[in-house]
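The structure appears below as structure tokens.
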Amino acid sequence: NAESWGLIVCFFVFVNLSICEIMTTTTIKLLSAENDAFAVERDIAELSMLVKNMVEDSGVEEDVPLPNVNAHILTKVIEFCRYFKATPLGEIEKPLKSANLSSIIPEWYSNFVEVEQEMLFKMILAANYMD
């Protein structure tokens, strides 16, 4: 009947619009404390609950300001999120069997946190801020 066809047409229009939106809005622009812009894949950026909530509130076309994260640290956060999305860390067995981090988690993750203490502290602050 005509009503069913109308619903089917509406469904296909909705699906096509959704596909177009997904195809055209696959990146989000994150702004560092220095106002440097970073184009990041939406699924990567939304690993941060702060970013996800801001995008849900304002839309993907709005830049996402991160005034508490400098450009260098934001680069590291994005690097971590991209790697984590492709290669999840998984559960860490507890209690820890060693004080040697590289024997507990994959090498990439242990190498990632082998930085100067000040840098590690800033990365932790950024992770906490971005949730």
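Between the OH atom in Tyr129 and the OG atom in Ser48 there is a gap of 9.0 Å [rounded to 0.5 Å]. With values rounded to the nearest 0.5 angstrom, Glu46 atom CD is found 4.5 Å from Ile28 atom CD1. The structure places CG of Leu125 at 10.0 Å from CG of Leu120, a figure rounded to the nearest 0.5 Å. Asp63 CG to Leu31 CG: the interatomic distance, rounded to the nearest 0.5 Å, is 4.5 Å. Atoms CZ and CD1, from Phe38 and Ile78 in turn, are 5.5 Å apart once rounded to the nearest 0.5 Å. Note: Lys52 NZ to Met130 CE = 14.0 Å, rounded to the nearest 0.5 Å.
In this structure the side chain of Val77 never reaches within 4.5 angstrom of the side chain of Thr75, judged on heavy atoms. Proximity of Leu50 to Leu66: side-chain heavy atoms (C-beta onward) are separated by under 4.5 Å at one or more points. Lys29 is not listed as a side-chain neighbour of Glu62, based on a closest heavy-atom distance of 4.5 Å or more. Side-chain atoms of Pro106 and Thr87, non-hydrogen and from C-beta on, never get closer than 4.5 Å to each other.
A donor-acceptor contact shorter than 3.5 Å links the side chain of Ser110 to the backbone of Glu107. The main-chain N or O of Asn100 is found under 3.5 Å from a side-chain atom of Ser103 such that the two form a donor-acceptor pair. Although no hydrogens or angles enter the test, the distance criterion places no donor-acceptor pair under 3.5 Å between the side chain of Glu41 and the main chain of Thr27. Between the side chain of Ser32 and the backbone N or O of Val69, no donor-acceptor pair lies under 3.5 Å.
The shortest heavy-atom contact between Arg82 and Ala39 is NH2-O, 3.6 Å. Contact between Ala71 and Glu34 at its shortest, heavy atoms only, is N-OE1, 2.7 Å. In this structure, Cys81 and Ile44 approach most closely via the heavy-atom pair CB-CG2, 3.7 Å. The nearest pair of heavy atoms linking Asp43 to Lys85 is OD2-CE, 3.4 Å.
The salt bridge (Lys or Arg N to Asp or Glu O under 4.0 Å) analysis of residues 115-131, with sequence neighbours excluded, yields the pairs Glu118-Lys122.
For Glu56, the CD atom is densely surrounded, since the number of other residues' heavy atoms within 6.0 Å is greater than 12.
Cluster annotation: Tyr109 is not connected to Phe121 through the hydrophobic network of ILVMFWY side chains, with a link wherever side-chain heavy atoms come within less than 4.5 Å.
In terms of the side-chain contact (heavy atoms from CB on, under 4.5 Å) criterion, Ala127 has no residue partners (sequence neighbours excluded).
Remark: Lys76 is positioned above the aromatic ring of Phe112, its terminal NZ or CZ atom under 6.0 angstrom from the ring centre and at most 45 degrees off the axis.
With Leu101 as the fixed residue, the side-chain contact (heavy atoms from CB on, under 4.5 Å) test singles out one of Leu96, Asn111, Ile92, Val113: Val113. The side-chain contact (heavy atoms from CB on, under 4.5 Å) with Asn70 is formed by just one residue from the set Leu74, Asn68, Ile73; it is Ile73.
Under the 30°/60° scheme for interplanar angles, the aromatic rings of Tyr83 and Trp108 are found to lie parallel.
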